[in-house]
Each structure stands twice: as C-alpha cells, then as structure tokens.
Amino acid sequence: MVTRTAWELVEDVPDPEMPWVTLGDLGIVRDVTTGADQTVRVAITPTYLGCPAIEAMRADVAEVLTAHGYRVEAVELRLDPPWTPAAITERGREKLAEAGIAPPRLIENADTPVFSPSALGSPDHTVTPLSLGVRCPNCGGIETALLSRFGASPCQELRRCSSCGEPFPAVRS
C-alpha cells in the first residue's frame, strides 16, 4: 500500500493551528527514518516550546503514516537545535502571506554572533545583528507595532501597521 515516501507524507501533514501550511512548510519535520517492515520514526520540532498543538501534530503524523501502510514506532519531539524562523520554506512564507499572516523576515546570519572589534572597544567582543521589523501582509509597510505577544495561537503575535493602520497576525520570531 506504500506509494509515497514517509518523508513526503509527514511533510504534507497540515499544521493543526494554521491548516493552510504544512509541517514541511514550517520546517517542523526534523527526521523521518524508515526501517524494516515499513516501520517509521519521526522527529519534529515545534515552533514554540509550549506549543499546545504538539499532541495533535503527533497524532496527525501517526494517522497519515498508518493510513498509507507504515508502522509508526514513534513520533518524538526534538528540541535541540530549537526551531527558528529560518526553517520556514519559501513556499511556507508565501502561503502565510497569502493567508494574511506576516512570516518572519529572514536576516542572513541573524542567529550568528558577529565579531565587532569596535563594540565596547574590545577585540574579543561579539554582538548579534539587530532584527528588522515585520512587513505588513496587507500593504507591505515595514513600520509595524506589536499589539500583543500572542495572537490566534501561541506561535503568533498581533501587530498593527503604521502605514495602513490594519492589525495583522505575524509568526513570532
């Protein structure tokens, strides 16, 4: 009965809180290992450490694999390395924007400390680059203000655009 690979099936599972994007789109799937007799082990990393949807994700992954003839050994959490917004695929970013949810902006090497000999006058000092604002999904404005740290789900925040004045959800970064 197995016609699609376990990776393909797991990556196509819709996110329980934002079903227009998949676990693959969000970069949640970390590993899918198949063994003898179509057994599968899956590792996923939630976008938010206290994600209330993680049990639904586990159940949905197990259900789709079982429905396609796989035997699920485990759907386990992998918290190291933690999820970052850089894990969202380009397709995921497009789907989020189409749904009116601002995807986090990609900043090259944002998580990597940068050597800065002028910072504090010490040649050994490093700094982390500044984060840029969130782009409004309605008008594209870049000046937005945080209204609430939590939106419709814990992995979202609520913002307002200074250009068009519209509130919008954004994936927390």
Side-chain angles (χ1 to χ4, degrees), residues 1-112 129 131-138 140 144 149-159 168-173:
M1 180 173 180
V2 175
T3 57
R4 297 178 63 201
T5 69
W7 264 105
E8 293 170 334
L9 293 167
V10 172
E11 290 211 323
D12 283 348
V13 170
D15 179 79
E17 294 179 323
M18 299 181 288
W20 52 89
V21 291
T22 68
L23 300 185
D25 293 333
L26 294 173
I28 291 172
V29 181
R30 291 295 169 95
D31 192 25
V32 178
T33 306
T34 55
D37 300 327
Q38 297 300 322
T39 58
V40 181
R41 293 186 71 85
V42 178
I44 57 177
T45 302
T47 60
Y48 179 77
L49 186 57
C51 178
I54 197 66
E55 290 308 317
M57 286 182 210
R58 290 172 126 170
D60 292 348
V61 165
E63 183 180 321
V64 74
L65 288 171
T66 301
H68 284 80
Y70 288 97
R71 292 184 28 220
V72 179
E73 282 187 356
V75 180
E76 56 197 15
L77 296 183
R78 183 175 295 167
L79 302 178
D80 186 28
W83 181 90
T84 69
I88 301 175
T89 66
E90 187 58 36
R91 185 176 81 166
R93 292 176 182 285
E94 292 170 6
K95 287 180 176 179
L96 287 168
E98 289 170 7
I101 298 176
R105 291 178 67 180
L106 286 178
I107 304 167
E108 191 171 332
N109 299 324
D111 295 331
T112 304
S131 174
L132 299 176
V134 175
R135 185 174 299 275
C136 174
N138 301 310
T144 64
R149 291 285 299 152
F150 294 100
S153 66
C155 61
Q156 295 179 33
E157 61 190 19
L158 186 60
R159 293 188 155 269
F168 64 91
V171 174
R172 292 173 55 177
S173 55

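- Arg58 and Glu55 are joined by a salt bridge, as a carboxylate oxygen and a charged side-chain nitrogen come within less than 4.0 angstrom of each other.
- Taking each heavy atom of Val29 and Gly24 in turn, the nearest pair found is CG2-N, 4.3 Å.
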Between Ile88 and Trp83, does a side chain to side chain contact (heavy atoms under 4.5 Å, CB included) hold up when you go through it step by step?
CA-CA 9 Å; Ile88 301 175; Trp83 181 90; 3.6 Å; yes

Would you sort out whether Trp20 and Leu96 count as a side chain to side chain contact (heavy atoms under 4.5 Å, CB included), showing the intermediate values?
CA-CA 8 Å; Trp20 52 89; Leu96 287 168; 4.1 Å; yes

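- Minimum interatomic distance between Arg93 and Pro85 (heavy atoms only, all atoms of both residues): NH2-O, 2.8 Å.
- Among all heavy-atom pairs drawn from Ala97 and Pro137, the shortest one is O-CB, 4.4 Å.
- Looking at every heavy atom in both residues, Leu158 comes nearest to Phe168 through CD1-O, 3.5 Å.
- Figure legend: Arg4 and Tyr70 shown without cation-pi pairing, the cationic atom not lying both under 6.0 angstrom from the six-membered ring centre and within 45 degrees of its axis.
- Distance alone, capped at 3.5 Å, is enough to place a donor-acceptor pair between the Arg135 side chain and the Gly140 backbone.
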Original post:
Between Asp15 and Ile28, does a side chain to side chain contact (heavy atoms under 4.5 Å, CB included) hold up when you go through it step by step?
Top reply: CA-CA 9 Å; Asp15 179 79; Ile28 291 172; 4.2 Å; yes

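- The minimum heavy-atom distance linking Pro14 with Asp60 is given by the pair O-OD2, 4.4 Å.
- The two residues Ile54 and Pro46 have their closest heavy-atom pair at CD1-CB, 3.9 Å.
- A donor-acceptor pair under 3.5 Å is absent between the side-chain atoms of Thr34 and the main chain of Val40, judged by distance alone.
- Using modelled atom types, one side-chain atom of Thr39 and one backbone atom of Ala36 make a donor-acceptor pair closer than 3.5 Å.
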